Q: 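I have a structure here, written as structure tokens, and I will follow up with some questions on it.
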Protein chains: 2
Amino acid sequence: MPRQVDHKARRDQIAEALLDIVADHGLEAISVRAVAAQAGVSTGRIQHYFANKDELLAYAIEYQDWLVQQRWNEQAWPEGEPTPREALRWVLLETIPRDDRRRREWLVGVAYLIRMLANPKLRALYVDGLPRLYRLLADLVRMAQEAGDIAPDRDPEVEAELLFGLADSQGPPVVLGLRTPEQATAAIDYYLDHLFR
Amino acid sequence: MPRQVDHKARRDQIAEALLDIVADHGLEAISVRAVAAQAGVSTGRIQHYFANKDELLAYAIEYQDWLVQQRWNEQAWPEGEPTPREALRWVLLETIPRDDRRRREWLVGVAYLIRMLANPKLRALYVDGLPRLYRLLADLVRMAQEAGDIAPDRDPEVEAELLFGLADSQGPPVVLGLRTPEQATAAIDYYLDHLFR
DNA sequence: CTTTTTACAATACGTTCGTATTGCCAAAGC
DNA sequence: GCTTTGGCAATACGAACGTATTGTAAAAAG
């Protein structure tokens, strides 16, 4: 066997370029040539690593999903053992598009949503992830309740929905510049202050 | 002047076809020929009523925005003078994609979101609408408070954000079939039960 | 040193795209 | 009734598209 290259690295580099374009101009701006230009490679290279455009598109979100999971596995939780409140805050802030990386992830997620309707593999990325997130939030609320930091009459499932909804609904206004990430963070902190006592 | 036709009706019919395609397959599926086929007209007809593709795309969301405003102006409020709670519930349920019409509107809104980043005219549709919605929700909470139906220590602005977030976050799971519209409605009713007493 | 295979670059091919062009029919104005 | 003009259909055109094909440099295997 001749010259060996890191296949994943090459595919990831191409996926990076695709995700940049999608976040800026949507899926309709994706062409093999445009991705090649953004990545600074030839279309021949892209053809060498992806059988066709659909496979390229599919790899790119799977790659983004992998990126997100990497961050959650490595960075969570930032400093030692967090309290339920710290963990809750970390998770909620993680969902808002507060910096370039998270902004791109958020926009790409939006761009791929309609594709999920007809594509079961894409759908699974969302369908599997959301209930896990709800469960995590509810568990953290429960832990805080058991520690006496949240009033016992609060329903953890309902609180999980409210918290997620509050964080999730910050996405569009932040991305569109109607609200700053700081304001979105403040909204979440404000509600956490009410929830914890 | 010769034969006169209803220009708006023609344009709306074409916009309808475009919106159907966008909701099903995203903006990347839009071509003048595809819209013509969906509408059952010739591409010549589309060219006659729209200078180019961009103008067609722009007209279509403006048309959808007009449709939504029509419904809010005419159907709100369903039966006579509603209580603040009825009005609140009506508004919140209006934002969830519970039937084909609202589902299409929701999906089209998502599809156009990335275009709003670079297009001020599109952005305005969102940027103008959201604060008005927040204000409406907060006002309704305030009215209910003054009537003694909501505890006076609730912050109307915070409650507006929670209510909107709760309703808004139902969109993706409902559209993707993870949750039924009935379950989404139940989640909203459950929280309204807690808020009102 | 030769062979084989990987990793591409370059180009070619057929299709689809947005849009320009052309032509025709019907109705209103004179 | 002739002219004009709006309302199209049909077609044409160049660019861009996804992808197939071809060629080549280089490195591992023998």
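Being a predicted model, the structure only gives us computed values, none of them experimental. In what follows, every chain begins at residue 1, and chains take the letters A, B, ... in the order their sequences are listed.
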Q: Under a 4.0 Å heavy-atom cut-off, which of residues 5-17 of chain B touch DNA chain D?
A: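 Residues of residues 5-17 of chain B that come under 4.0 Å of DNA chain D are, in numerical order, B/V5, B/H7, B/R10.
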
Q: Please report the closest heavy-atom contact between B/I114 and A/L107, naming both atoms and the distance.
A: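 For B/I114 and A/L107, the tightest heavy-atom pair comes out as CD1-O, 3.7 Å.
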
Q: Is B/I30 touching bases, backbone alone, or none of the nucleic acid, heavy atoms closer than 4.0 Å?
A: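 If one applies the 4.0 Å heavy-atom cut-off, B/I30 turns out to touch the sugar-phosphate alone, with no base involved.
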
Q: Within the distance-only criterion (no hydrogens, no angle test), does the side chain of A/Y112 pair as donor or acceptor with the backbone N or O of A/L27 below 3.5 angstrom?
A: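 Answer holds: no.
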
Q: Is A/R104 paired with A/E16 through a side-chain N to carboxylate O contact shorter than 4.0 Å?
A: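 Answer for the salt bridge query: yes.
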
Q: Between B/E55 (CD) and C/dG18 (P), how many Å, whole number?
A: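 Distance, rounded to whole Å: 15 Å.
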
Q: Between B/E161 and A/R179, is there a salt bridge with N-O shorter than 4.0 Å?
A: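 Counted as a salt bridge, because a side-chain N and a carboxylate O are separated by less than 4.0 Å.
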
Q: Using only atom types and a distance under 3.5 Å, with no angle test, would you say the side chain of A/R103 pairs donor to acceptor with the backbone of A/V175?
A: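 Side chain of A/R103 to backbone of A/V175, a donor-acceptor pair under 3.5 Å: yes, one is there.
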
Q: Hey, which of these two, B/Y49 or A/A29, hits DNA chain D nearer its 5' end, going by closest nucleotide?
A: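 Here B/Y49 is the residue nearer the 5' end.
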
Q: What pair of heavy atoms forms the shortest contact from B/A138 to B/E157, and how long is it?
A: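 Closest heavy-atom pair between B/A138 and B/E157: CB-OE1, 3.9 Å.
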
Q: Each nucleotide N or O in nucleotides 19-22 of chain D that has a protein N or O under 3.5 Å away: list the pair and distance.
A:
from, atom 1, to, atom 2, distance (Å)
D/dT19, OP2, A/K53, N, 2.8
D/dA20, N7, A/Q47, NE2, 3.1
D/dA20, N6, A/Q47, OE1, 2.9

Q: Return the minimal non-hydrogen interatomic distance between A/L113 and B/L176, and the atom names on each side.
A: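 Minimum heavy-atom separation between A/L113 and B/L176: O-CD2, 4.4 Å.
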
Q: Contact class for B/L56 (heavy atom, under 4.0 Å): base, sugar-phosphate, or nothing?
A: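 Nothing: the residue B/L56, judged by heavy atoms under 4.0 Å, touches no strand.
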
Q: Atom CD1 of B/I46 and atom P of C/dG18: how far apart are they, to the nearest Å?
A: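 After rounding, the gap between these two atoms is 10 Å.
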
Q: Taking only side-chain nitrogens and oxygens of B/S31, does any of them come within less than 4.0 Å of OP1 or OP2 of C/dC17?
A: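 Result: yes.
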
Q: Distance-only, no hydrogens or angles: does the A/R85 side chain make a donor-acceptor pair with backbone N or O of A/A144 under 3.5 Å?
A: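 Looks like no, no N/O pair under 3.5 Å.
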
Q: Expressed as a whole number of angstroms, how long is the span from A/R45:CZ to C/dT6:C1'?
A: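 About 13 Å, once rounded to whole Å.
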
Q: When you check the phosphate oxygens OP1 and OP2 of C/dA7, does a side-chain N or O of A/H48 lie under 4.0 Å from one of them?
A: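 So the side-chain polar atoms of A/H48 do come within 4.0 Å of the phosphate oxygens OP1 or OP2 of C/dA7, strictly under.
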
Q: Among residues at least two apart in sequence or on other chains, which ones pass ring-ring contact (aromatic ring centres under 6.0 Å, His included) with A/F50?
A: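 With neighbours one apart ignored, the set is A/Y59.
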
